[in-house]
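Since we're looking at a predicted model, the values are computed, not measured.
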Amino acid sequence: MKEKYEPSGVEFKWQRYWAEKKLFVSKADHARQKFYCLEMFPYPSGEIHMGHVRNYVIGDVIARYKRMRGYNVLHPMGWDAFGLPAENAAIKHGVHPSKWTHGNIEKMRRQLDSMGLSYDWTREVTTCKPEYYKWNQWFFLKMLENGLAYRKDSYVNWCPSCMTVLANEQVIDSACWRCETPVTQKRLGQWFFKITEYAEELLKGCDELQGWPERVIHMQKNWIGKGEGVEVDFPVEGMEEKLRIFTTRPDTLFGVTFMCIAPEHPLTEKLVKDRKSLETIESKYGKGDEKIGLDTGYFAINPLNRDRIPIFVANFVIMEYGTGAIMSVPAHDQRDFDFAKKYDLPVKVVILPEIPPNPPLIKGGSPNLEQLTEAYEDEGILVDSGQFTGLRSEIARQEIIRFIEEKELGRSAVNYKLRDWGISRQRYWGTPIPIVYCDRCGIVPVPEESLPVILPEDVKITGKGGSPLLESRTFLSTDCPRCRGKARRETDTMDTFVDSSWYFARYCFEKGDIDLPACLSAPKSEFTYWMPVDQYIGGVEHAVLHLLYSRFFTRVMRDLDLIKISEPFQNLLTQGMVIKDGAKMSKSKGNVVDPNYLIEKYGSDTARLFSLFAAPPEKDLEWSDRGVEGAYRFLNRIWGIVYKNRRNIQNSLSRVDYRTLRPGASGLYRKTHQTIKKVTTDIEREYHFNTAIAALMELVNEITSFQPETGEDRATFKFAVQQVILLLSPFCPHIAEELWEATGHNPSVIEHKWPEWDEDAAREDTIELVIQVNGKLRSKTLITRGTPDEEMKKIALEDEKIREIAGNKKIKNVIVVKGKLVNIVIGE
RNA sequence: GCCGGAGUGGCGGAAUUGGUAGACGCAAGGGACUUAAAAUCCCUCGUUCCGAAAGAACGUACCGGUUCGAGUCCGGUCUCCGGCACCA
């Protein structure tokens with residue numbers, strides 16, 4: 001052991017040791033309790049950033065802690081290797097995406113290893129390898145077979161800069177999620193996964209995700225966006241077709257004064273003759289707050305009260321939700337209200353608040369329009385609503401739905417905001433969609449036995465036009481699997497979110513070319529052993545996209561009879577961002593801290609310790625250079641303690657009777673047990689590593705101020721130091737290994753059992769009794785543990801300071817909190 | 001607009017069920033060691049009153065309530081952060 005702590009040598013030594021001894025290679029063992037710890041795999045951009053460091057360090061601490069607790073831990077890592085940046089690099093630097101990606105993976109794997117992360121690399125997943133994406137294609141075929149994948153012409157979000165279609169989830173503030181270019185609409189033939197088929201199940205499943213943060217569950221529920229209501233058919237004057245609308249507020253049906261349909265609604269073409277005006281509406285479609293409409297001149301009839309109401313085409317009505325047509329109730333919907341004001345349409349109040357406002361909404365039987373400056377959207381009592389007048393909204397809804405169904409005017413219906421998942425991308429670096437277009441047979445799926453459809457390497461990536469695959473003759477032209485005639489391959493590739501929707505399942509098996517369905521469905525398979533993921537850790541930015549798709553895919557796998565579970569991730573931890581100077585670290589803001597630099601200067605143990613200590617994992621972490629220094633200082637102190645006392649520690653007794661220790665030593669002994677307890681419970685309770693580390697620091701402070709004199713003292717000292725090393729090892733594994741060895745143990749500390757505390761040893765004999773007067777702290781005094789309440793009361797009342805304060809005043813009451821506090825209530 | 005989450009010293013953050021507010025760390029100030037500096041070690045460190053100590057008052061965004069006792073519970077207000085956003 002060196003006198004001075006030199007992290008780089010120590011860390012390299014132990015990283016090699018772990019790798020050589022294969023300490024992190026896991027094996028399914030149905031006799032042992034498992035723990036599957038997973039961090040979201042990175043995109044191999046080439047550089048590890050602070051966000052990665054934080055994510056992976058949290059996961060590593062959990063994995064290492066669970067290993068010491070005796071679990072059979074699976075802790076894998078891989079690469080989300082398909083995606084746009086590889087193509088951008090190809091355009092910019094002329095490197096092939098494959099070469100660029102694999103080079104980055106090598107680089108990043110080394111960086112991860114330099115952080116001492118305990119991964120089982122024998123299970124490494126790389127999504128751009130045919131042995132992996134082959135199964136994307138297989139899942140696609142199975143979904144096609146089961147009606148869960150389909151092709152549809154539709155308007156899609158088109159990024160003019162990336163020249164590709166974006167999923168709804170990839171559009172942020174009507175701009176591209178990557179380059180922020182405003183998104184336009186384009187009509188294209190697209191492949192979709194029918195995630196809406198699972199909308200209800202995915203929503204209900206949310207309630208069983210007890211180990212997930214509430215905000216993520218809220219976001220998922222919000223995203224699925226269930227709306228319960230009713231569909232009603234409105235007859236149109238002079239037309240056979242009825243206009244079907246969807247509403248969640250049937251209690252407002254008597255207040256309809258106009259109707260609006262979406263520009264792409266099938267009836268629009270029939271109703272509107274004026275093409276030019278329609279184009280104006282279309283150009284403002286879905287943009288901004290301005291609501292514009294076009295009066296079709298046609299009228300619909302309210303089937304409930306026979307009111308004759310005008311039909312408009314409006315830019316704010318979405319075709320994809322509900323029926324693409326709405327009934328407008330300006331008195332009780334703000335958008336309709338704004339629209340009515342603009343086009344001077346009548347407002348009819350049909351709901352009054354239970355507690356009438358002053359001045360009233362209705363005056364002499366008609367709306368008090370001066371008072372009505374905005375829509376009344378809350379519930380209330382129905383007025384002017386035929387036989388439903390006088391009912392409360394909640395009751396009226398049920399009654400009206402029943403009436404509509406009885407008279408066959410419509411039916412109750414449920415709508416979701418969730419749309420089907422468009423997976424087609426006009427890009428090169430992704431999984432080819434296994435489809436062939438044949439002039440004679442049409443759309444033909446590639447047969448299972450022909451998988452994988454290999455992504456050709458011999459393409460030129462220029463960044464101009466559509467997919468580079470269009471220019472690859474060898475890829476493009478093929479034989480139709482059905483008629484053997486000439487056919488053309490699908491050139492679209494899959495959204496990379498497909499790759500990450502099941503990678504957690506792939507980790508259950510060793511890397512290489514496996515028969516995935518056979519492996520998954522085998523009885524007592526490795527999948528059934530390892531899954532579900534016990535702890536998943538990643539950024540909150542994936543709260544809806546990746547996490548929802550994974551839940552969907554798991555259900556699809558279940559319904560393909562491959563697996564039995566429905567939910568992939570039992571517990572989810574969404575770690576906060578890494579902040580510097582008040583903003584998220586990013587290259588564009590120029591506030592990044594390079595992890596490599598940090599590791600070189602202080603070592604990865606310091607980097608790990610700081611990122612764990614500065615904030616609890618779910619909160620944002622404010623970067624502080626001085627804080628890093630502090631973490632480094634702490635490790636140096638421990639090193640110094642062990643170095644200075646190495647002979648004592650090695651030679652001292654290992655067993656003494658701790659009950660007969662002199663006060664100083666017994667204090668340290670007690671503190672040690674208290675620390676084991678505190679560190680353990682802090683980790684168990686929501687992974688509060690910051691307070692666990694604070695407790696370790698307290699113990700180290702006590703060790704520092706303890707001067708061993710007797711043999712028993714030295715044994716106590718040794719015990720305390722050993723426990724510090726053990727408790728520190730998940731956080732700072734390299735230095736822990738080195739110190740463990742230096743104190744005369746055989747490696748490896750990480751194979752050692754997690755320490756246990758003795759409740760009796762941790763308990764304090766003397767307690768500081770807090771004495772309050774009228775709830776204010778007035779005095780403190782020491783009492784022995786177990787002092788009865790009556791005795792505590794007596795001690796408090798006899799306390800000198802208390803007598804001084806209380807004087808002759810009347811004591812009204814005395815409250816005793818067992819073993820803690822006495823509060824004396826006195827009068828004036 | 002809707003839905004979440006959060007507001008505690010100079011800073012990051014503790015306070016687990018209503019019971020000593022500010023653990024631990026950082027920064028700052030003072031001291032020891034040193035020719036000097038760095039490193040290390042020791043002391044002080046919420047605000048105000050006081051020369052200091054003792055002591056007291058105030059203090060967990062703001063206002064009010066419940067309680068013997070509130071950072072914690074209840075009602076209201078404000079601010080910040082995040083998500084969704086014409087979803088009928």
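Crowding of A/Glu686 atom CD: a count of heavy atoms from other residues, nucleotides or ligands under 6.0 Å not exceeding 12. Within a 6.0 Å sphere centred on CZ of A/Arg803, heavy atoms belonging to other residues, nucleotides or ligands number 12 at most.
Checking side-chain atoms of A/Ser385 against main-chain N and O of A/Leu382 turns up no donor-acceptor pair under 3.5 Å. The main-chain N or O of A/Ile309 is never found under 3.5 Å from a side-chain atom of A/Asp307 such that the two would form a donor-acceptor pair. A donor-acceptor contact shorter than 3.5 Å links the side chain of A/His265 to the backbone of A/Leu267. A donor-acceptor pair under 3.5 Å is formed between the side chain of A/Arg419 and the backbone N or O of A/Lys417. Here the side chain of A/Trp639 pairs a donor or acceptor atom with the backbone of A/Glu3 at under 3.5 angstrom.
If you check every strand for non-hydrogen atoms under 4.0 Å, A/Glu629 touches nothing. Base engagement by A/Lys417 is indicated by at least one non-hydrogen atom pair under 4.0 Å involving a base atom. Nucleic acid contact class of A/Arg215 (heavy atoms, under 4.0 Å, all strands): sugar-phosphate only. Nucleic acid contact for A/Asp620: sugar-phosphate only, since backbone atoms but no base atoms lie under 4.0 Å from a heavy atom of the residue. Within 4.0 Å (heavy atoms only), A/Val329 reaches no atom of the nucleic acid at all. Contacts of A/Lys4 with the nucleic acid, taken as non-hydrogen atoms under 4.0 Å apart, are absent. If you check every strand for non-hydrogen atoms under 4.0 Å, A/Gly322 touches nothing.
Proximity of the aromatic rings of A/Trp421 and A/Phe192 is defined here by a centroid distance below 6.0 angstrom, and this criterion is not met.
In this structure, the nucleotide among B/U16, B/A88, B/G55 sitting nearest to the side chain of A/Lys678 is B/U16. Residue A/Asn222 places its side chain closer to B/C84 than to any other of B/C84, B/U20, B/G5. Nearest nucleotide to the A/Ile318 side chain, out of B/A57, B/C87, B/G12: B/C87. Among the nucleotides B/C3, B/G55, B/A88, the one closest to any side-chain atom of A/Lys801 is B/G55. The side chain of A/Leu821 approaches B/G19 more closely than any other nucleotide in the set B/C86, B/U16, B/G19.
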Under the 3.5 Å Watson-Crick or G-U criterion, the dot-bracket string of RNA chain B, with | for inter-strand pairs: (((((((..(((......[....))).(((((.......))))).((((.....))))..(((((..]....))))))))))))....
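With a 6.0 Å cutoff to the six-membered ring centre and a 45° limit on the axis angle, A/Arg637 does not count as a cation-pi contact of A/Phe634.
An OP1 or OP2 oxygen of B/A27 is reached within less than 4.0 angstrom by a side-chain nitrogen or oxygen of A/Arg626. In this structure, A/Arg685 does not reach the B/U17 phosphate: none of its side-chain N or O atoms is under 4.0 Å from OP1 or OP2.
Side-chain contact annotation: A/Glu759 with A/Trp757, donor-acceptor N/O pair under 3.5 Å present. Between the side chains of A/Arg763 and A/Gln674, no donor N or O sits under 3.5 Å from an acceptor N or O.
B/C74 and B/U67 are spaced 12 Å apart, taking the C1' atom of each and rounding to whole Å. Here the separation of B/A88 from B/G19, taken at their P atoms, is 43 Å to the nearest Å. For the P atoms, the distance linking B/C42 with B/U48 amounts to 28 Å, nearest Å. Nucleotides B/A53 and B/A15, compared at atom C1', are 30 Å apart to the nearest Å. The P atoms of B/C11 and B/A28 are separated by 15 Å, rounded to the nearest whole Å. If you take atom C1' in B/C80 and the same atom in B/G29, they sit 33 Å apart, rounded to whole Å. To the nearest whole angstrom, the two C1' atoms, one in B/G12 and one in B/A32, are 30 Å apart. B/G59 and B/C3 have their C1' atoms separated by 34 Å, with the value rounded to a whole Å.
At whole-Å resolution of the value, CG in A/Leu777 and C1' in B/A56 are 13 Å apart. Rounding to whole angstrom units, CZ of residue A/Phe234 and P of B/A88 are separated by 16 Å.
With sequence neighbours left out, A/Glu264 forms a side chain to side chain contact (heavy atoms under 4.5 Å, CB included) with A/Tyr155, A/Ala262, A/Tyr285, A/Met319, A/Glu320. A/Phe717 is linked by a ring pair (Phe, Tyr, Trp, His ring centres under 6.0 Å) to nothing, counting only residues two or more places apart in sequence or in another chain.
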Got a list of protein N/O to nucleotides 22-24 of chain B N/O distances below 3.5 Å?
{"from": "B/A23", "atom 1": "O2'", "to": "A/Glu698", "atom 2": "OE2", "distance (Å)": "3.0"}

Considering only nitrogen or oxygen atoms on both sides, find all protein atoms under 3.5 Å from nucleotides 39-45 of chain B and state each distance.
none

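Annotated as anti: B/G18, whose glycosidic dihedral deviates from 0 by more than 90°.
Taking a cutoff of 4.0 Å between a charged side-chain nitrogen and a carboxylate oxygen, A/Arg685 and A/Asp682 qualify as a salt bridge.
Classification of the A/Tyr632-A/Tyr602 ring pair by plane angle, with boundaries at 30° and 60°, yields perpendicular. The aromatic rings of A/Phe339 and A/Tyr343 sit tilted, their planes meeting at an angle between 30° and 60°.
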Base-contact (B) and sugar-phosphate-only (S) positions in nucleotides 65-71 of chain B, heavy-atom cut-off under 4.0 Å, - elsewhere: ---BS--
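Donor-acceptor pairing under 3.5 Å, judged by distance alone, is absent between the side chain of A/Arg335 and the base of B/C87.
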